[in-house]
Amino acid sequence: MKFTQTLMGLTMLFCVVSCTSDRATDAVEPIIPVHTFSSINLEEGVSKWLTTEQQARFPKGELAELDALVSTQTLPAAVSRSSAIVRVPANSNDALARAIAEAGVGGTVILEAGDHFESSTVNIQQPVTIRGEEGAVLISDVQATSQVVILEAAIHIQNAYNVVIIGVNFKPSAEVGGTGILVDNAERTFLVNNTLNDFEFGIVLEQGDRARIINNEVNTTSAWTTGFVPFAHGLMIINGDDTRVIGNTFTNSFFGAWTCDESGLYLGNTTTGNFAGNVLCNVPAAAFTMPSGQAVGSAKPGTNWLTIANKSFGNSNTGYLIIDGAADNYLSGNEAGSNGAYDFEFTGESQRFGFPMPTSSGNQAIISSEYTVKDCGVENTITGGTMIDLVADPCF
């Protein structure tokens with residue numbers, strides 16, 4: 001696949017490429033409040049960091065639900081439908097699927113502190129809560145498929161609603177795991193306070209509308225830097241509108257958080273040690289293969305996202321990359337620094353990854369003057385930032 005080969009070449013070179021334009025804009029006082037990451041306290045919830053206009057974008061009751069979920073990990077009442085609780089003792093082997101079946105629709109499975117071993121993918125096709133006690137570790141034998149990008153997962157949530165996974169530490173049994181959690185045609189999945197280490201892909205959404213991805217730590221395998229796997233991504237939203245990504249950390253990936261589709265909220269997250277940190281982009285058609293054999297890509301690039309009060313630093317290329325048709329997104333109060341090429345990059349038409357990508361357009365960003373910005377897009381409105389000279393550093 002040309003896409004795979006090109007990215008693999010980039011990772012092998014650890015290239016620090018650039019692309020985009022410099023639009024000189026006068027530094028004006030923003031009319032919308034700018035919050036710095038250091039001022040964000042997610043224990044106070046989400047809604048206070050949004051303007052009144054932004055709050056109006058959310059359905060009635062959602063912000064109160066998010067506030068409770070973020071600050072106290074209180075799940076919405078509608079999620080719990082059953083009082084059935086099944087406990088899985090430590091050192092279990094292939095016990096999770098049986099426990100889910102026993103808990104039934106709306107039940108709860110508790111993984112007790114200690115290791116839990118799974119030799120193959122655990123499929124979840126009913127509403128259920130999987131809660132890990134402190135010290136619960138789920139060790140999966142699902143491995144990366146080298147150069148063939150098939151999204152085989154430790155946990156595959158499919159055709160289900162209101163699935164919750166909270167407080168579980170995911171690890172592969174091998175040096176390089178496949179996909180940690182795959183959300184597949186499953187609406188309103190809650191992934192809260194989990195840790196995922198050494199997988200090729202941490203969390204993947206394909207038709208995962210209204211997912212809540214909150215306070216997780218995803219540290220992918222570094223095997224993409226050696227060419228063992230073509231790339232690794234911490235979070236990949238292929239298709240999934242109205243997604244809420246709040247308070248997570250994504251490290252060690254090619255793309256830390258790859259956010260596509262529309263009307264998402266990306267707030268209070270940290271991306272560091274990646275090739276690119278937060279990428280508003282488009283997954284190319286047929287770029288990845290589902291376990292069913294279906295090839296998938298995004299129906300829509302990152303559109304109409306609120307990207308607010310995040311931190312992206314120490315990435316080898318770019319902190320925030322807005323590319324491949326990403327449009328009408330709003331960025332404010334985001335921190336950056338020590339990124340190899342640029343802190344913020346809004347690309348024009350480009351073929352940097354080996355295939356034609358349309359320009360970014362219509363995005364709005366309020367950026368501190370200490371961060372570098374390259375804007376090659378169309379009708380992006382950039383307030384602040386230190387603009388890159390496009391004559392000295394042309395778009396490509």
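Residue N363 holds its CG atom at 4.5 Å from CG of N329, rounded to the nearest 0.5 Å.
No donor-acceptor distance shorter than 3.5 angstrom exists from the side chain of T179 to the backbone of I181, with no hydrogens or angles considered. The backbone N or O of I166 sits nowhere less than 3.5 Å from a side-chain atom of N193 that would complete a donor-acceptor pair. At distances below 3.5 Å, at least one donor-acceptor pair connects side-chain atoms of N194 with backbone N or O atoms of I165. A donor-acceptor pair is defined here as one N or O able to donate and one able to accept, closer than 3.5 Å; such a pair exists between the side chain of D343 and the backbone of G337.
Dense packing is recorded around CD of Q125, with more than 12 heavy atoms of other residues, nucleotides or ligands lying under 6.0 Å away.
Smallest separation of non-hydrogen atoms from A154 and F199: CB-CE2, 4.4 Å. Contact record, P301 with A326: CB-N, 4.0 Å, taken as the closest heavy-atom pair. Across N339 and A336, no two heavy atoms sit closer than the pair ND2-CB, 3.9 Å.
Judged as a side chain to side chain donor-acceptor pair (under 3.5 Å), and not counting sequence neighbours, the contacts of S312 are T271, N315. For F250, there are no ring pair (Phe, Tyr, Trp, His ring centres under 6.0 Å) partners, not counting sequence neighbours.
The residue from R210, Q55, R212 that alone fulfils the side chain to side chain donor-acceptor pair (under 3.5 Å) condition with E62 is R212. The ring-ring contact (aromatic ring centres under 6.0 Å, His included) with H233 is formed by just one residue from the set F275, W224, F201; it is F201. In summary, of the residues considered (N310, N216, N334), a side chain to side chain donor-acceptor pair (under 3.5 Å) with N269 occurs for N310 alone.
Between F355 and F353, the ring planes are tilted. Angles from 30° to 60° get that label.
R188 is listed as a side-chain neighbour of V79, based on a closest heavy-atom distance under 4.5 Å. A heavy-atom distance below 4.5 Å is found between the side chains of F288 and V149.
Between the side chains of D141 and S173, a donor-acceptor pair is found at a separation under 3.5 Å.
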Under 3.5 Å, which donor-acceptor pairs link side chains of residues 84-110 to any protein atom two or more places apart or in another chain?
unit_1: R87; atom_1: NE; unit_2: E112; atom_2: OE2; d: 2.9
unit_1: R87; atom_1: NH2; unit_2: E133; atom_2: OE2; d: 2.3
unit_1: S92; atom_1: OG; unit_2: H116; atom_2: ND1; d: 2.8
unit_1: N93; atom_1: ND2; unit_2: N91; atom_2: O; d: 3.4
unit_1: D94; atom_1: OD1; unit_2: S119; atom_2: N; d: 2.8
unit_1: D94; atom_1: OD1; unit_2: S119; atom_2: OG; d: 3.1
unit_1: D94; atom_1: OD2; unit_2: S119; atom_2: OG; d: 2.9
unit_1: R98; atom_1: NH1; unit_2: D94; atom_2: O; d: 2.9

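With salt bridges taken as basic N to acidic carboxylate O contacts below 4.0 Å, none links E65 and K60.
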